Participant: 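What follows is a single structure, and I will ask about it in a moment.
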Amino acid sequence: MDRRRIDLHTHSSVSDGTDSPSELMDKAVDAGLAVIALTDHDTFDGLAEAAAAAERSGITLLPGMEMSTHLHGASVHLLAYGMDTEDPALNAELQRIRVGREDRVGPVLERLSGLGMQISREQVEAQAGDASSIGRPHIADALVEAGLVADRAEAFDRWLHDGGPAHVERYTTELSAAIDLVHAAGGKAVIAHPWSRSSREVLPPKVLAALVADHRLDGLEVDHHDHDLQTRRELRALTEELQIIATGSSDYHGAGKLDHELGCFTTDPAMYERLLS
Ligand code: AMP
Ligand code: MN
Ligand code: MN
Ligand code: MN
């Protein structure tokens, strides 16, 4: 029996995780993982460093990325695996998303200022370091550093959550267009935490079935911290019915997110093989 431990959803400091790609690979080995996917938000920039570190430490790296998409006004995250990271169309779209991330920082800081919390763009950029993908977690970190909240969780709960007092929309790709772009780049497309709070309403079974039928959606992330046991059961049954891949992963962000330790959820080796085929 194949007992490899496989974690297919993690973030480095190239997006909103706190470990560099190399540190992440070392921690993955320590956590007893045999396979890890690095899936930074809207960028491939961490993959080269991760690949070199993975090679040194003997862990298998699956190249990945978590793409910001939307459906009917709701945010949906799409995991892409095994794609050509040089694909021009996909890279142009990711660039557009990253510009949207940069452009959103100013308006969020204005909202925060209106709420009595002054932080500067420089303070946010200091937290983002050389991340390619700047995001709300970096704004949260700047609020922590300024002593205005205790941690990222409080920053999101009070101010930054979707629809929250300091939340500002940003550019994302329409979901089915994103699936098509990932496929055109030779990758597999798996919807991340589909029934988390933000996307559950817009992704009922019949919509997921249509994405499989019309866009050859490859899989769903079933085992994830955002899904309770009953949700995971229902989603797993749906993947069986639709004959698509079911994955399970940690969505590790280093110190940036509690309860997402490496390997806390893993993917069945048989499902991983399907992802590679
Ligand atoms: P953005 O990518 O800028 O839209 O911000 C969304 C990111 O914020 C997600 O990828 C999560 O990693 C992170 N996030 C959302 N809620 C929380 C929370 N309560 N605590 C820590 N991080 C969070
Ligand atoms: Mn994140
Ligand atoms: Mn996500
Ligand atoms: Mn993620």
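Quick caveat, the model's predicted, so the values are computed rather than measured. Whatever order the structure lists ligands and atoms in, that order sets their numbers, starting from 1.
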Participant: Considering only the protein, which heavy-atom contact is closest to atom 21 (C) of ligand 1, and what is its distance?
Facilitator: G256 O, 3.7 Å
Participant: Counting distance only, does the side-chain N/O of T266 pair as donor-acceptor with the main-chain N or O of G263 below 3.5 Å?
Facilitator: no
Participant: Within less than 4.0 angstrom of ligand 1, does A155 place any heavy atom?
Facilitator: no
Participant: Nearest to the Mn ion (ligand 4), which N, O or S atom of H9 do we find?
Facilitator: NE2
Participant: When you check the gap from the basic side-chain N to the acidic O, do D268 and R274 get nearer than 4.0 Å?
Facilitator: no
Participant: R104: heavy atom below 4.0 Å from ligand 1, yes or no?
Facilitator: yes
Participant: To make sure I understand the geometry: which N, O or S atom in E66 is closest to the Mn ion (ligand 4)?
Facilitator: OE1
Participant: Considering heavy atoms of the protein only, find what lies nearest to atom 9 (C) of ligand 1 and give residue, atom and distance to 0.1 Å.
Facilitator: D16 OD2, 3.9 Å
Participant: Under 2.8 Å from the Mn ion (ligand 4), is there an N/O/S atom belonging to H41?
Facilitator: no
Participant: Could you tell me which non-hydrogen atom of R5 sits nearest to which non-hydrogen atom of L262, and how far apart they are?
Facilitator: NH2-O, 4.5 Å
Participant: Show me which atoms of ligand 1 lie under 4.0 Å from any heavy atom of H253.
Facilitator: 12 (O)
Participant: Tell me, please: is E66 in heavy-atom contact with ligand 1, that is, under 4.0 Å?
Facilitator: no
Participant: Got a sec: is H77 within less than 2.8 Å of the Mn ion (ligand 4) via an N/O/S atom?
Facilitator: no
Participant: How close does the nearest protein non-hydrogen atom get to atom 4 (O) of ligand 1, and which residue and atom is it?
Facilitator: R136 NH2, 2.9 Å
Participant: Looking only at heavy atoms, is any part of L160 under 4.0 Å from ligand 1, and if so is it the side chain, the backbone, or both, or is it neither?
Facilitator: neither
Participant: Quick one: does D157 get an N or O within less than 3.5 Å of an N or O on ligand 1?
Facilitator: no
Participant: Could you list the atoms of ligand 1 found under 4.0 angstrom from a heavy atom of G135?
Facilitator: 3 (O)
Participant: Specify whether H260 and H225 have parallel, tilted or perpendicular ring planes, treating 30° as the upper limit for parallel and 60° as the lower limit for perpendicular.
Facilitator: tilted
Participant: Say whether H72 and E201, considering side chains only, have a donor N or O and an acceptor N or O under 3.5 Å apart.
Facilitator: no
Participant: Is it true that the side chains of H138 and D16 contain a donor and an acceptor less than 3.5 Å apart?
Facilitator: no
Participant: Classify the angle between the aromatic ring planes of H224 and H9 as parallel (below 30°), tilted (30 to 60°) or perpendicular (above 60°).
Facilitator: tilted
Participant: Please identify which atoms of ligand 1 are closer than 4.0 Å to at least one heavy atom of R170.
Facilitator: 1 (P), 2 (O), 4 (O)
Participant: At a non-hydrogen distance cut-off of under 4.0 Å, which region of K257 contacts ligand 1 (side chain, backbone, both, or neither)?
Facilitator: side chain
Participant: What I want to know is whether H77 and ligand 1 share at least one N or O pair that is separated by under 3.5 angstrom.
Facilitator: no
Participant: For ligand 1, is any non-hydrogen atom under 4.0 Å from H41's backbone (N, CA, C, O), its side chain (CB onward), both, or neither?
Facilitator: side chain
Participant: Under a 4.0 Å threshold between the charged nitrogen and the carboxylate oxygen, would R121 count as salt-bridged to E125?
Facilitator: yes
Participant: Please work out, at 4.0 Å between heavy atoms, whether the side chain, the backbone, both, or neither of H11 comes within that distance of ligand 1.
Facilitator: neither
Participant: Whether the D218 and Y81 side chains hold a donor-acceptor pair (N or O, under 3.5 Å, no angle test) is what I'd like checked.
Facilitator: no
Participant: Of all N, O or S atoms in D16, which has the smallest distance to the Mn ion (ligand 2)?
Facilitator: OD2
Participant: Can you pull out the closest protein heavy atom to atom 16 (N) of ligand 1? Residue, atom name and distance to 0.1 Å, please.
Facilitator: F156 CD2, 3.4 Å
